[in-house]
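On a predicted model such as this, the values are computed, not experimentally measured, just so you know. Chain A is the first sequence line, chain B the second, and so forth, proteins listed ahead of strands; every chain is numbered from 1.
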Protein chains: 2
Amino acid sequence: MRGGSGSLRIDDIDQQIIALLQEDARYSYAEIGARAALSAPAVKRRVDRLRAGKVIKGFTAIVDPVAIGWTTEAFVELFCTGRTSPTQLSAAAKRHPAVVGLFTVSGEADALVHLRAADIAGIEQALERLRAEPFVTSTRSMIVLSRLID
Amino acid sequence: MRGGSGSLRIDDIDQQIIALLQEDARYSYAEIGARAALSAPAVKRRVDRLRAGKVIKGFTAIVDPVAIGWTTEAFVELFCTGRTSPTQLSAAAKRHPAVVGLFTVSGEADALVHLRAADIAGIEQALERLRAEPFVTSTRSMIVLSRLID
DNA sequence: ATTGAAAGTAAGGATTA
DNA sequence: TAATCCTTACTTTCAAT
């Protein structure tokens, strides 16, 4: 696991810092320190270490997709030809901007794709392109009617 | 649409600010302003407005789940009794900490649940609890073998 | 002319490094 | 501890009435 995130020792204080940053990534180091009983510089050192160790991959804004025009999503089960590698899958997925999630799975299907688009037409287009991939033998789609939790 | 995010007008500069904050939620207002051709206070005002309008729901750290001990996930298709309301579904889901995503869907299943746990045992336990819900008639599980994109 | 929305400037107090 | 950043109040600009 060289260079990976598994090589880092994470203690309770790290856990606490991570939890706070997940709650609000814009908390100041001083504020985090106040809750974790640490000085601001000490918090920064730990956060830097967690980022360097890829435990924290970054910080992002949680945006309402509907508000910026991405109103439609779907989950698509992918059935693939005999030997389709994960590498092959993710390379294909990265060519399609509508793909926001991709997982290989156990069960009937080989992979599960999470799609997001401006409208049904966008989902349809992405689906057509996915089905055109040489390794895809068939698909089964679930259009998301409402997002209850995410 | 009172109070909702749909009532807010979002122009190109807002889009740019949102994109930058999605890229790194800890960019300073000054840095965002430099790229969006705005002063720092002007950026702050727009961000405050976007947050108040729920377009930006918050800021969070992107954490490697494996690094903090959440190594296993699954997607579970839920088949429910005749009239199961979304409200009922999400109320039930909130009782189960392993549920990280929940969607009502079109297709064979009524809902799709995204589970995350420390190990297979945790997934199994969450699944048992879900199946014990009175409105659940049956389930179909996909264990995630590898997360390629998310 | 006047109002309202939105941007810039400047200053202090807090945070970062 | 020095430099940077956040925040607030005040001023300016511009468009619409």
Trainee: Please give the remaining members of the hydrophobic cluster of B/Leu102, linking ILVMFWY side chains under 4.5 Å, ordered by chain and number.
Mentor: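 A/Leu148, A/Ile149, B/Val76, B/Leu78, B/Leu89, B/Val99, B/Val113, B/Leu115, B/Ile120, B/Ile123, B/Leu127, B/Leu130, B/Phe135, B/Val136, B/Ile143, which link up through side-chain heavy atoms under 4.5 Å apart, make up the rest of the cluster.
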Trainee: If you group Ile, Leu, Val, Met, Phe, Trp and Tyr whenever their side-chain heavy atoms sit less than 4.5 Å apart, what else falls in with A/Val100?
Mentor: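 Direct or chained contacts put A/Val100 with none.
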Trainee: What integer number of Å spans the C1' atoms of C/dG12 and D/dT12?
Mentor: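 So the two C1' atoms sit 22 Å from each other.
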Trainee: Mind listing the residues from residues 28-47 of chain A sitting with a heavy atom below 4.0 Å of DNA chain C? Number order is fine.
Mentor: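 Within this stretch, A/Ser28, A/Tyr29, A/Ala30, A/Lys44 sit under 4.0 Å of the strand.
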Trainee: One thing to verify: whether B/Asp14 and B/Arg9 come together as a salt bridge, which I'm taking to mean a side-chain N less than 4.0 angstrom from a carboxylate O.
Mentor: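 No, this pair does not count.
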Trainee: According to the side-chain hydrogen bond (donor to acceptor under 3.5 Å, both in side chains) rule, which pairs have a member within residues 28-45 of chain A, sequence neighbours left out?
Mentor: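 Every pair satisfying side-chain hydrogen bond (donor to acceptor under 3.5 Å, both in side chains) with a residue in residues 28-45 of chain A: A/Tyr27-A/Arg35, A/Lys44-A/Asp48.
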Trainee: My understanding is that only residues two or more places apart in sequence, or in another chain, count here; which of them pass salt bridge (Lys or Arg N to Asp or Glu O under 4.0 Å) with B/Arg95?
Mentor: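 Listed in chain order: B/Glu133.
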Trainee: Between which nucleotides of DNA chain C, 5' to 3', does chain B make heavy-atom contacts below 4.0 Å?
Mentor: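 First and last nucleotides in contact are C/dA7 to C/dT16.
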Trainee: Mind calculating the distance between OH (A/Tyr27) and P (D/dC6) to the nearest angstrom?
Mentor: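 It works out to 17 Å between those atoms.
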Trainee: Checking B/Arg140 now: which residues fulfil salt bridge (Lys or Arg N to Asp or Glu O under 4.0 Å) with it, not counting sequence neighbours?
Mentor: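 Result, salt bridge (Lys or Arg N to Asp or Glu O under 4.0 Å) vs B/Arg140: A/Glu108, B/Glu77, B/Glu108.
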Trainee: Could you identify which residues cluster with A/Phe75, counting Ile, Leu, Val, Met, Phe, Trp and Tyr as linked when any side-chain heavy atoms lie under 4.5 Å apart, either directly or through a chain of such contacts?
Mentor: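 Traced through the cluster, A/Phe75 reaches A/Phe103, A/Val105, A/Leu112, A/Met142, A/Val144, B/Phe75, B/Phe103, B/Val105, B/Leu112, B/Met142, B/Val144.
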Trainee: Which residues pass the salt bridge (Lys or Arg N to Asp or Glu O under 4.0 Å) test with A/Asp11, sequence neighbours left out?
Mentor: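 Salt bridge (Lys or Arg N to Asp or Glu O under 4.0 Å) list for A/Asp11, sorted by chain: A/Arg46.
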Trainee: Would you sketch DNA chain D in dot-bracket for me? Only Watson-Crick or G-U wobble pairs with both distances under 3.5 Å count, crossing pairs as [ ], other-strand pairs as |, the rest as dots.
Mentor: |||||.|||||||||||
Trainee: Considering only residues two or more places apart or on different chains, which pairs with a residue in residues 115-129 of chain A satisfy side-chain hydrogen bond (donor to acceptor under 3.5 Å, both in side chains)?
Mentor: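 Pairs touching residues 115-129 of chain A that pass the test: A/Glu73-A/Arg116.
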Trainee: So, using side chain to side chain donor-acceptor pair (under 3.5 Å) as the criterion, who are the partners of B/Thr72 when residues are at least two apart?
Mentor: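 Partners of B/Thr72 by the side chain to side chain donor-acceptor pair (under 3.5 Å) criterion come out as none, since no residue qualifies.
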